[in-house]
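Reminder, nothing fancy here: chain letters follow the sequence lines and each chain counts from 1.
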Amino acid sequence: MILLSTPTSPDSALMRAAGRRLLPSSLGSAAQRQAFSLAVRGRAVFSARTTNAAYLQAIKEAVERAMQEGIGNDFAKLKLELRDIVRALGYTPEHGFPGDAALGVPPAEPGSLRDLSSEKRIALILHTQLDLFDGAGLKTSGEDRADRFPWWELVRQEQRRVPRGSAIGSLGWLRRWHQVGGPGRPDLRMIAPKGDPIWSALGDSSNFDDALDTDHPPFAFNSGMGWLEISRTQGISLGLPLPSVPSVPSVPSLPDPKSSAKGMDAALLQKLRSILDLRDTGKIDQLQYAERVRAA
Amino acid sequence: MSRALNITITDKATPLLGRLQRGLTDRARLNRFMADGLAVTVARYITGNEARFHRTAQRLGTANFTQHYARAARGIQQDAGRDGFSITLRGEIFQRTTGEVFVAPVRAKWLAIPATAAAYGRRPGFFPNLVFVPLRAGLAMLVEKQEKRPKSPQKRLKGVTSAGDRPKPIVFYWLKNAVTLPQDRTLLPSDEEFSQALEQAAEEFVISETRESTAAEQQEARP
């Protein structure tokens with residue numbers, strides 16, 4: 001029996017999303033990577049220079065809704081809602097959230113990626129979060145069948161107006177592939193065994209500034225790249241050597257959350273705690289929007 | 001003269017047959033191969049055809065596609081058991097493969113269909129200056145509010161009004177009560193491609209059984 005249908009229950013990615021914590025930060029992305037451990041970042045909803053816990057909570061909820069899909073959970077609507085929320089929280093690109101000046105958050109050019117209320121920025125946050133969950137889910141399911149589908153192929157899954165590598169100074173994916181030692185092929189396809197170190201090297205921010213420190217797609221912000229699986233039969237016909245050691249389903253892609261708020265502003269930490277406490281006790285769902293704003 | 005022929009039957013050839021027979025009786029493992037093979041085939045097909053699927057974006061001339069199809073390719077789920085297998089695709093758009101799909105607004109009066117590249121992937125609320133223009137029953141449009149162009153000094157003196165004074169409105173969205181999307185079987189691989197994928201999965205199943213049977217024999221043969 002073959003059944004093609006739309007999902008009726010939340011998938012595993014959604015469950016991971018629900019388990020995500022939120023962590024505000026006034027640091028830029030590069031500084032963030034240094035300041036917090038990968039374990040924390042792996043489970044946290046981050047947004048560079050976002051100091052407002054209520055807004056991060058709103059992002060988290062938007063990501064969960066985007067995963068559920070269905071009526072009212074489309075990207076276009078979620079983008080609008082987040083824009084309205086960030087504005088209602090008193091954010092302006094020039095001054096940030098109320099109190100940001102004291103935290104040293106610099107002003108942003110309106111409409112730019114640094115402007116938290118810009119469509120560009122909101123779309124980037126939503127897409128990155130969803131792509132990370134999708135990638136982690138694919139990695140997990142793909143490793144379960146590594147004996148039959150031993151390789152991943154890196155392919156473009158989303159079209160880009162200006163793909164990486166087309167602008168001067170930009171590093172395309174094939175060049176990245178070769179730079180981290182990816183096996184070369186005459187047909188230029190980027191194929192490597194599941195579990196190969198090349199996958200973590202591609203997503204390593206010490207190799208590429210825009211990398212997300214993951215060993216699965218999207219590897220970098222707004223990459224549009226994804227994985228397809230290659231079966232043993234297909235691989236052999238492509239002349240691929242069978243991996244000597246089958247990749248073992250290993251560490252979960254999204255590790256358990258660990259709390260680390262070292263160096264965080266005390267007042268900000270208190271706000272964050274109150275939000276997290278409310279969420280953990282399930283009360284956050286009962287809060288009215290205005291109360292959430294007050295809590296922040 | 002009669003001769004006695006002694007035949008000793010060993011189990012060197014039959015373990016594989018026995019294993020295959022068991023595998024075809026309890027088909028859970030075979031079905032898992034089928035489901036995985038199908039999921040991988042569908043993912044590859046959708047990824048390879050993503051640009052073609054975005055017909056509205058292509059028509060409007062925007063390269064910023066929504067992510068429906070890419071996400072669908074990444075999020076295929078499969079399930080297999082003794083009785084069969086299934087794959088689940090994310091995105092209601094794939095219902096179009098089995099027949100036409102009737103779409104009506106929920107919690108809203110109109111469906112907004114983008115009419116310009118700027119409107120694609122955005123809701124009307126994104127644009128503050130849109131004006132509702134009814135056309136006929138079940139059809140309206142949202143156009144960008146535009147100021148009248150100032151008259152030229154000569155026309156102002158003469159008091160002349162012409163159609164040129166009013167700029168042509170730019171339609172951002174067509175509004176409809178409902179739409180019926182036609183069936184589109186090409187959103188998924190063809191029946192032949194499905195058959196090929198299933199055949200390949202069956203082949204991989206036999207190869208895998210052979211490999212594992214051989215490995216088991218070698219293990220037993222070890223002193």
Side-chain angles (χ1 to χ4, degrees), chain A residues 1-9 11-13 66-67 69-72 74-81 83-84 119 123 126-127 130-131 133-135 137-138 141-142 144-145 147-149 153 155-163 217-218 224-234 236, chain B residues 31-40 42-44 46-48 50-51 54 57 62-71 73-79 83-95 97-98 106-107 121-123 125-126 188 194 198 200-201 203-205 207-208 211:
Chain A
M1 177 190 68
I2 303 171
L3 172 70
L4 297 169
S5 62
T6 49
T8 51
S9 61
D11 58 16
S12 54
M67 284 184 170
E69 298 185 332
I71 296 158
D74 57 285
F75 254 60
K77 182 167 170 56
L78 294 171
K79 280 192 296 186
L80 257 186
E81 285 183 10
R83 187 189 69 178
D84 292 345
E119 187 196 21
L126 286 176
H127 286 166
L130 282 177
D131 291 351
F133 284 125
D134 283 348
L138 186 59
S141 62
D144 283 346
R145 50 178 180 245
D147 56 333
R148 288 162 289 138
F149 297 88
E153 179 177 8
V155 296
R156 173 152 298 286
Q157 280 190 321
E158 294 165 23
Q159 305 305 313
R160 292 285 180 268
R161 201 166 42 85
V162 186
M225 300 300 281
W227 269 341
L228 290 176
E229 292 175 79
I230 294 195
S231 71
R232 280 177 76 97
T233 316
Q234 289 167 332
I236 290 165
Chain B
N31 284 335
R32 194 156 61 85
F33 272 68
M34 298 273 192
D36 286 345
L38 213 56
V40 169
V42 171
R44 189 168 282 277
I46 294 173
T47 299
E50 199 235 355
H54 286 285
T62 174
N64 292 323
F65 298 156
T66 52
Q67 290 190 316
H68 302 324
Y69 297 107
R71 290 204 70 223
R74 288 195 291 261
I76 297 171
Q77 293 178 22
Q78 59 273 15
D79 193 22
D83 301 328
F85 61 91
S86 65
I87 67 168
T88 305
L89 289 163
R90 192 157 53 185
E92 292 176 2
I93 194 77
F94 290 101
Q95 287 176 4
T97 54
T98 54
V106 179
R107 283 183 253 146
R122 293 180 172 128
R123 287 216 166 192
F126 184 84
L188 287 175
F194 273 136
L198 294 175
Q200 195 182 346
E203 191 184 322
E204 303 246 2
F205 171 74
I207 293 170
S208 170
R211 203 169 51 235

Original post:
Counting only heavy atoms not in B:H68, do more than 12 sit closer than 6.0 Å to its NE2 atom?
Top reply: no
**OP:** To the nearest 0.5 Å, tell me how far A:I71 CD1 sits from B:E92 CD.
**Re:** 7.0 Å
**OP:** Supply the atom-to-atom distance B:R71 CZ to A:F133 CZ, rounded to the nearest 0.5 angstrom.
**Re:** 10.5 Å
Subject >> Stepwise salt bridge (charged side-chain N to carboxylate O under 4.0 Å, His left out) test for B:R32 and A:D144 >> reply: CA-CA 11 Å; B:R32 194 156 61 85; A:D144 283 346; over 6 Å; no
Original post:
With a 3.5 Å cut-off and no angle check, do the side chains of B:E203 and A:T233 form a donor-acceptor pair?
Top reply: no
Original post:
Tell me, side chain or backbone of A:K77 under 4.5 Å from chain B's heavy atoms, or both, or neither?
Top reply: both
Original post:
Which residues pass the side-chain hydrogen bond (donor to acceptor under 3.5 Å, both in side chains) test with B:D36, sequence neighbours left out?
Top reply: A:R145, A:R148, B:Q78
Original post:
In Å and rounded to the nearest 0.5 Å, what is the CD to CD distance from B:E50 to A:E158?
Top reply: 6.5 Å
Original post:
Between atom CZ of B:R74 and atom CG of A:L138, what is the distance when rounded to the nearest 0.5 Å?
Top reply: 9.0 Å
**OP:** Output the option from A:H127, A:K79, A:E229 having the highest count of non-hydrogen pairs under 4.5 Å with chain B.
**Re:** A:H127
Subject >> Which residues share a salt bridge (charged side-chain N to carboxylate O under 4.0 Å, His left out) with B:E204, sequence neighbours left out >> reply: none
Subject >> chain B contacts, top residue of A:G226, A:P217, A:S231 (heavy-atom pairs, under 4.5 Å) >> reply: A:S231
**OP:** Against chain A, label B:R211 side chain, backbone, both or neither, depending on which of its atoms sit under 4.5 Å from a heavy atom there.
**Re:** side chain
**OP:** Name the region of B:F205, side chain, backbone, both or neither, that has any atom closer than 4.5 Å to a heavy atom of chain A.
**Re:** neither
Original post:
Measuring heavy-atom distances to chain B, does A:R83 have an atom under 4.5 Å in its side chain, in its backbone, in both, or in neither?
Top reply: side chain
Subject >> Toward chain B, the part of A:E153 with a non-hydrogen atom under 4.5 Å >> reply: side chain
